[in-house]
Amino acid sequence: MPLVKLFTRPGLSKAVPLAPLQTRLCEIWKTTPSTTKLMRFDAADWTGESFDEDVYVDVRAKATPERTREVVLDGMARVQQAFADHGLVANVRLETCAAKASVE
């Protein structure tokens, strides 16, 4: 299940349209809205003036054989473009995680 945390720049006045972004991210990662959660957090502050992004995008996704390094890097670029299509500059970070063992 991809979990996407969006941290918005302090004082961001641009809209961050979650539903359309969720649709695009589902297309990119070949997932469904029921398994892809977007969560927005308005940052009260962050360090330095050198960071010019509007949104810091932190993606956690299950590591699968299909998610090769090339696929992940391409997907990250497409996620960044999805935000750019809405007038937002995004800094994208993605972490893949191994499936958890079930507890019985």
Side-chain angles (χ1 to χ4, degrees):
M1 166 181 144
L3 170 61
V4 183
K5 292 185 248 177
L6 310 174
F7 297 92
T8 57
R9 179 173 45 86
L12 181 68
S13 60
K14 300 176 188 176
V16 181
L18 293 183
L21 286 166
Q22 181 188 40
T23 299
R24 284 288 299 280
L25 271 60
C26 287
E27 292 168 4
I28 292 167
W29 300 113
K30 297 176 179 53
T31 59
T32 63
S34 64
T35 62
T36 303
K37 182 179 282 193
L38 274 67
M39 298 170 59
R40 177 184 169 170
F41 301 92
D42 295 324
D45 201 1
W46 64 32
T47 58
E49 295 296 320
S50 62
F51 299 105
D52 63 351
E53 70 264 16
D54 296 313
V55 183
Y56 180 86
V57 182
D58 182 28
V59 182
R60 289 187 51 145
K62 181 180 173 183
T64 64
E66 303 83 37
R67 289 189 181 137
T68 63
R69 177 174 172 75
E70 293 76 23
V71 168
V72 167
L73 291 175
D74 178 63
M76 290 173 67
R78 293 174 62 200
V79 168
Q80 194 170 37
Q81 184 59 53
F83 280 83
D85 291 346
H86 290 282
L88 297 163
V89 176
N91 181 353
V92 181
R93 173 191 181 273
L94 187 137
E95 176 184 357
T96 56
C97 308
K100 294 181 181 177
S102 62
V103 179
E104 295 183 37

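All residue numbers in this chain count up from 1 along the given sequence. Keep in mind that the numbers below use all heavy atoms, side chains included, and drop hydrogens, waters and symmetry copies.
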One pair to check against side-chain contact (heavy atoms from CB on, under 4.5 Å): Glu70 and Val72. What are the steps and the verdict?
CA-CA 5 Å; Glu70 293 76 23; Val72 167; over 6 Å; no
Taking Val89 as the starting point, is it possible to reach Leu18 by hopping between hydrophobic residues whose side chains are less than 4.5 Å apart?
no
Contacts of Phe7 meeting ring-ring contact (aromatic ring centres under 6.0 Å, His included) (sequence neighbours excluded), chain-then-number -> Phe41
Residues Arg60, Asp58: salt bridge by 4.0 Å N-O rule
no
With heavy-atom distances below 4.5 Å as the criterion, would you say the side chains of Met76 and Arg78 are in contact?
no
Shortest non-hydrogen contact from Pro33 to Cys26?
N-SG, 3.5 Å
Where do Leu3 and Met39 land on the side-chain contact (heavy atoms from CB on, under 4.5 Å) test, with the steps shown first?
CA-CA 8 Å; Leu3 170 61; Met39 298 170 59; 3.6 Å; yes
Going by the rule salt bridge (Lys or Arg N to Asp or Glu O under 4.0 Å), which residues pair with Lys30 if we only count those two or more places apart in sequence or in a different chain?
none
I'd like to know whether Arg40 forms a side-chain contact (heavy atoms from CB on, under 4.5 Å) with Thr8, so could you lay out the CA-CA distance, the side-chain angles of the two residues, the decisive distance to 0.1 Å, and finally the verdict.
CA-CA 7 Å; Arg40 177 184 169 170; Thr8 57; 3.5 Å; yes
dist Leu21:CG -> His86:NE2 (nearest 0.5 Å) comes out at 4.5 Å
Heavy-atom side-chain proximity of Lys14 to Asp54 below 4.5 angstrom
yes
Answer yes or no: is there a side-chain heavy-atom contact under 4.5 Å between Glu95 and Val59?
no
What's the shortest heavy-atom distance between Leu25 and Ala82, and which atoms?
CD1-CB, 4.5 Å
How about Val71 and Glu66: do any of their side-chain heavy atoms sit closer than 4.5 Å?
no
Could you check Leu38 against Leu6 for side-chain contact (heavy atoms from CB on, under 4.5 Å), going step by step and ending with a plain yes or no?
CA-CA 7 Å; Leu38 274 67; Leu6 310 174; 4.3 Å; yes
Value for CD (Gln22) from OG1 (Thr31), rounded to nearest 0.5 Å, stands at 8.0 Å
Any residue meeting salt bridge (Lys or Arg N to Asp or Glu O under 4.0 Å) with Arg67, in chain and number order, not counting sequence neighbours
none
All heavy atoms of Gln80 vs all of Ala90, minimum pair found to be NE2-O, 2.8 Å
All heavy atoms of Gly75 vs all of Trp29, minimum pair found to be CA-CH2, 3.5 Å
Would you say Tyr56 ends up clustered with Val4 if hydrophobic residues are merged whenever their side chains have heavy atoms under 4.5 Å apart, either directly or through other cluster members?
no
Point-to-point distance, once rounded to the nearest 0.5 Å, from CZ of Arg9 to CG of Asp42:
11.5 Å
Salt-bridge present (Asp85, Arg24; N to O < 4.0 Å):
yes
Does any non-hydrogen side-chain atom of Val79 lie less than 4.5 Å from one of Ile28?
yes
